[in-house]
Amino acid sequence: MIDPKLLRQSPDAVAANLARRGFTFDAAAYDVLDERRKALQVETESLQAERNASAKKIGQAKAQGADIAPLLAAVQDLGERLSEAERALKSAQADLSAIELGLPNLLADDVPDGADETANVEVRRWGTPREFDFAARDHVAIGEGLGLLDFDTAAGISGSRFAVLKGGLARLQRALIQFMLDVHTSEHGYTETYVPYLVQAHALVGTGQLPKFEEDLFRTATETPFYLIPTAEVPLTNFARDRILSADELPLRLTAHTPCFRSEAGSYGQDTRGMIRQHQFEKVELVHLVAPSESDAALEALTGHAEQILQRLELPYRVVALCAGDIGFGARRTYDLEVWLPGQERYREISSCSNCGDFQARRMKARYRNPETGKPELLHTLNGSGVAAGRALIAVMENGQREDGSIEVPPVLRPYLGGAGEITPEG
RNA sequence: GGAGAGAUGGCUGAGUGGUCGAAAGCGCUCCCCUGCUAAGGGAGUAUACGUUAAUAGCGUAUCGAGGGUUCGAAUCCCUCUCUCUCCGCCA
């Protein structure tokens with residue numbers, strides 16, 4: 001959520017910033033609503049003050065044994081007027097809040113201009129794509145060739161956009177996950193966590209998926225609905241919900257491996273082949289909760305942590321600064337890591353690292369006590385994939401493929417596979 | 001799933017209809033005293049919103065959440081959520 005004070009004081013600056021995303025903020029309409037809210041609030045509060053004063057007077061009169069009948073008569077219709085004012089105020093506040101919750105985050109000033117991913121700016125590149133002396137296959141051909149990747153069985157169970165992994169491939173994905181968690185916890189200072197995969201709506205409002213993007217989520221049919229997490233960012237960032245952390249708890253670095261569930265509504269026809277875009281995938285997520293002055297540096301650090309994974313897996317990648325039109329709803333700045341996929345002969349997103357500033361913190365009242373002022377202030381939240389395990393599996397398969405159909409395993413993963421250096425049909 | 005108990009400020013914990021935003025203790029901050037790895041005295045110490053030049057004043061709201069009764073609710077009633085205890089079930 002954007003600071004409502006800023007919406008009132010500098011509506012044009014807000015509108016200009018959001019326009020870079022292609023988002024139209026109707027500052028005039030907001031102002032009309034807010035003026036209405038203000039008037040109703042003043043009215044309501046003055047009626048409340050009147051009620052409080054008269055109640056006090058009646059109490060005193062009663063204590064002294066005086067006749068309170070005239071006092072009661074004087075406030076006869078106060079309750080009715082007050083509850084009417086309160087009702088109107090509540091509805092005005094709900095209208096405003098609906099607008100506020102629907103506004104995307106303000107972009108950092110140096111986010112590149114552009115409407116879509118074609119305007120993203122490459123920041124750096126690591127590694128050199130391998131030259132193949134045979135026709136490189138994609139992960140579908142490799143996996144099915146090994147007999148370890150099975151979309152038909154998955155379709156029979158769950159329909160499209162699901163996969164079944166078997167034997168060595170299933171194990172390879174588990175190795176990737178464990179490797180990532182080990183690096184982040186032992187070398188990058190993260191606390192490993194295990195978190196709920198089903199969350200309630202308020203948690204998703206906190207991180208920004210709700211109320212606007214409900215169609216991207218899976219929801220249970222229980223009386224109070226649960227949502228399946230689309231990313232561990234949701235439970236991890238909500239660790240700070242409604243809390244005032246002390247400064248010495250910061251920075252908080254959290255990591256978790258979780259499955260992620262996305263309905264992929266609106267992506268019909270995109271990436272329909274293979275495991276690139278599934279309803280369910282595994283991911284190791286990184287979340288930072290930091291003091292505001294630290295968040296710019298934290299994004300660089302977090303991105304570096306994700307890069308470490310790709311470097312140690314010897315996977316060529318590039319870092320891309322997302323342009324204004326491609327940055328997600330809650331982020332003020334985002335770097336994507338794109339890994340080289342020989343099967344597609346292009347770089348594909350494998351991690352997205354974002355600084356959300358105080359946008360999510362304001363939604364979930366996540367604060368810390370600033371030691372300089374002694375006052376609670378909003379935290380800054382950051383999140384990034386470190387990295388998406390399903391796509392990392394694809395990258396390892398495609399980059400490590402051999403002409404005979406087997407897969408060479410990156411050396412750092414071998415300890416997790418009982419020392420095995422390759423994936424073969426035997427599994 | 002059944003029965004019972006509970007939810008108060010950073011923490012512990014009083015408060016069962018009126019001057020309670022809320023006793024007391026702890027913690028924390030500042031000051032004084034002390035001249036010493038300690039103790040003592042004093043003051044202060046929630047958040048949000050509105051008004052405002054103002055983190056000054058003033059007003060309003062908040063005692064798990066939402067409704068209700070009442071001139072007036074932390075206190076009474078209803079619903080819900082969560083926690084704890086016992087029983088049942090279960091990985």
Side-chain angles (χ1 to χ4, degrees), chain A residues 1-10 30-101 194-206 220 222-227 235 238-250 252 292 358-379:
Chain A
M1 201 163 108
I2 298 173
D3 187 352
K5 282 199 186 93
L6 199 60
L7 292 179
R8 277 174 240 146
Q9 287 164 5
S10 319
Y30 180 83
D31 191 56
V32 166
L33 269 177
D34 191 53
E35 287 301 325
R36 177 176 148 73
R37 184 221 94 231
K38 211 179 284 186
L40 286 168
Q41 181 163 341
V42 168
E43 185 192 344
T44 303
E45 289 185 356
S46 77
L47 286 171
Q48 286 171 327
E50 200 180 327
R51 177 201 62 195
N52 291 347
S54 66
K56 190 173 280 189
K57 226 182 291 174
I58 291 169
Q60 285 165 344
K62 212 172 168 186
Q64 292 162 6
D67 178 19
I68 61 169
L71 290 169
L72 287 180
V75 295
Q76 202 164 21
D77 67 332
L78 189 59
E80 189 53 41
R81 284 191 291 150
L82 178 56
S83 61
E84 195 172 314
E86 280 174 338
R87 218 175 1 253
L89 174 61
K90 208 169 170 181
S91 127
Q93 282 170 333
D95 291 346
L96 272 183
S97 149
I99 292 177
E100 287 161 2
L101 288 175
Y194 171 78
V195 295
Y197 302 160
L198 292 168
V199 298
Q200 293 200 14
H202 62 257
L204 289 151
V205 171
T220 66
T222 46
E223 195 177 351
T224 49
F226 287 111
Y227 294 85
N238 274 284
F239 271 34
R241 145 175 301 277
D242 265 328
R243 294 227 295 150
I244 302 172
L245 301 174
S246 70
D248 56 18
E249 291 177 82
L250 302 179
L252 213 50
D358 62 13
F359 184 84
Q360 296 178 320
R362 183 171 291 108
R363 289 171 160 245
M364 63 176 76
K365 294 193 183 66
R367 295 175 294 180
Y368 82 111
R369 196 168 292 280
N370 184 335
E372 283 170 32
T373 62
K375 296 291 179 190
E377 292 176 16
L378 293 171
L379 290 169

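Within every chain, numbering begins at 1; the chains are lettered A, B, ... in the order of the sequence lines, protein sequences first and strands thereafter.
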*Starting at the 5' end of RNA chain B, which residue's closest nucleotide do you reach first, A:Pro376 or A:Leu78?*
A:Pro376

*B:rG59 and B:rA22, which share atom name P, separated by this distance in whole Å*: 12 Å

*Examine distances only and state if a side-chain atom of A:Arg51 and a backbone atom of A:Gly79 form a donor-acceptor pair shorter than 3.5 Å.*
no

*Which one is paired to B:rU37, where only Watson-Crick or G-U wobble pairs with both distances under 3.5 angstrom count?*
none

*Could you tell me the separation between the CD atom of A:Glu377 and the C1' atom of B:rA46, rounded to a whole number of Å?*
16 Å

*In Watson-Crick or G-U wobble terms, both distances under 3.5 Å, what is the partner of B:rA3?*
B:rU85

_I want to check one thing: is the phosphate of B:rA61, taken as OP1 and OP2, less than 4.0 Å away from some side-chain N or O of A:Asn52?_
yes

*asked:* Between B:rC20 and B:rU62, how far apart are the two C1' atoms, rounded to whole Å?
replied: 13 Å

*Let me know the distance between CG of A:Asp34 and C1' of B:rC49, rounded to the nearest Å.*
12 Å

_Taking the minimum atom-to-atom distance to the side chain of A:Gln48, which one of B:rU60, B:rC49, B:rU19 wins?_
B:rU60

*Mind checking whether A:Arg81 and A:Glu84 have side chains closer than 4.5 Å, heavy atoms only?*
no

*asked:* Regarding A:Lys38, tell me which of base, sugar-phosphate or nothing describes its non-hydrogen contacts under 4.0 Å with the strands shown.
replied: sugar-phosphate

*asked:* With heavy-atom distances below 4.5 Å as the criterion, would you say the side chains of A:Val199 and A:Asn238 are in contact?
replied: no

*Can you see which heavy atom on A:Ala240 is nearest to which on A:Leu245, and at what distance?*
CB-CD1, 4.3 Å

*Do A:Glu45 and B:rG59 have a side chain to base donor-acceptor pair shorter than 3.5 Å?*
yes

*Sugar-phosphate only, base, or nothing, as touched by A:Arg362 at under 4.0 Å among non-hydrogen atoms*: nothing

*Using atom CD of A:Gln9 as one end and atom P of B:rU52 as the other, report the distance to the nearest whole Å.*
12 Å

*Does the side chain of A:Arg81 get closer than 4.0 angstrom to OP1 or OP2 of B:rC71 through an N or O atom?*
no

*Under a 3.5 Å cut-off for both distances, is B:rU45 Watson-Crick or wobble paired, and to whom?*
B:rG27

_Let's test this: given Watson-Crick or G-U wobble pairing with both distances under 3.5 Å, identify the partner of B:rU19._
none

*C1' atom, B:rU81 versus B:rG64: distance in rounded Å?*
8 Å

_Between A:Asp3 and A:Lys56, which residue's closest nucleotide on RNA chain B lies nearer the 5′ terminus?_
A:Lys56

_Distance alone, cut at 3.5 Å: any donor-acceptor contact between the side chains of A:Glu249 and A:Ser246?_
yes

*asked:* Work out how far the P atom of B:rC80 is from that of B:rG88, and round it to whole angstrom.
replied: 26 Å

*Given B:rA73, is OP1 or OP2 found less than 4.0 Å from the side-chain N or O atoms of A:Arg51?*
no

*With respect to the side chain of A:Ala49, which nucleotide from B:rU19, B:rU60, B:rC49 is positioned closest?*
B:rU60

_Strictly by Watson-Crick or wobble contacts shorter than 3.5 Å, is anything paired with B:rA14, and which nucleotide is it?_
none

*Gap in Å between the two P atoms, one belonging to B:rU45 and one to B:rG50, rounded*: 23 Å

*asked:* In this structure, how many angstroms lie between the P atom of B:rG72 and the CG atom of A:Leu71, rounded?
replied: 14 Å

*Would you mind reporting whether A:Glu50 and A:Leu47 have side-chain heavy atoms less than 4.5 Å apart?*
yes

*Could you give the distance separating B:rC28 and B:rC87 at their P atoms, to the nearest angstrom?*
42 Å

*Contact class for A:Arg243 vs. all strands (heavy atom < 4.0 Å): base, sugar-phosphate, or nothing?*
nothing

*Paired nucleotide for B:rA53 [Watson-Crick or G-U wobble; both distances under 3.5 Å]*: none

*Closer than 4.0 Å, any side-chain N/O of A:Arg367 to the OP1 or OP2 of B:rU47?*
no

*Spacing of the P atoms in B:rU60 and B:rA74 (rounded, Å)*: 14 Å

*Determine the interatomic distance between P on B:rG25 and the same-named atom on B:rG41; round to the nearest Å.*
11 Å

*Would you say B:rG67 has OP1 or OP2 under 4.0 Å from some side-chain N or O of A:Lys90?*
yes

*Can you find an N or O donor on one side and an acceptor on the other, under 3.5 Å apart, linking the side chain of A:Lys62 with the base of B:rG18?*
yes

*Could you tell me which nucleotide pairs with B:rG72 by Watson-Crick or G-U wobble geometry, both distances under 3.5 Å, or answer none if nothing does?*
none

*Walk me through it: do A:Glu100 and A:Ser97 pass the test side chain to side chain donor-acceptor pair (under 3.5 Å)?*
CA-CA 5 Å; A:Glu100 287 161 2; A:Ser97 149; 5.3 Å; no

*B:rA91 pairs with which nucleotide, Watson-Crick or G-U wobble, both distances below 3.5 Å?*
none

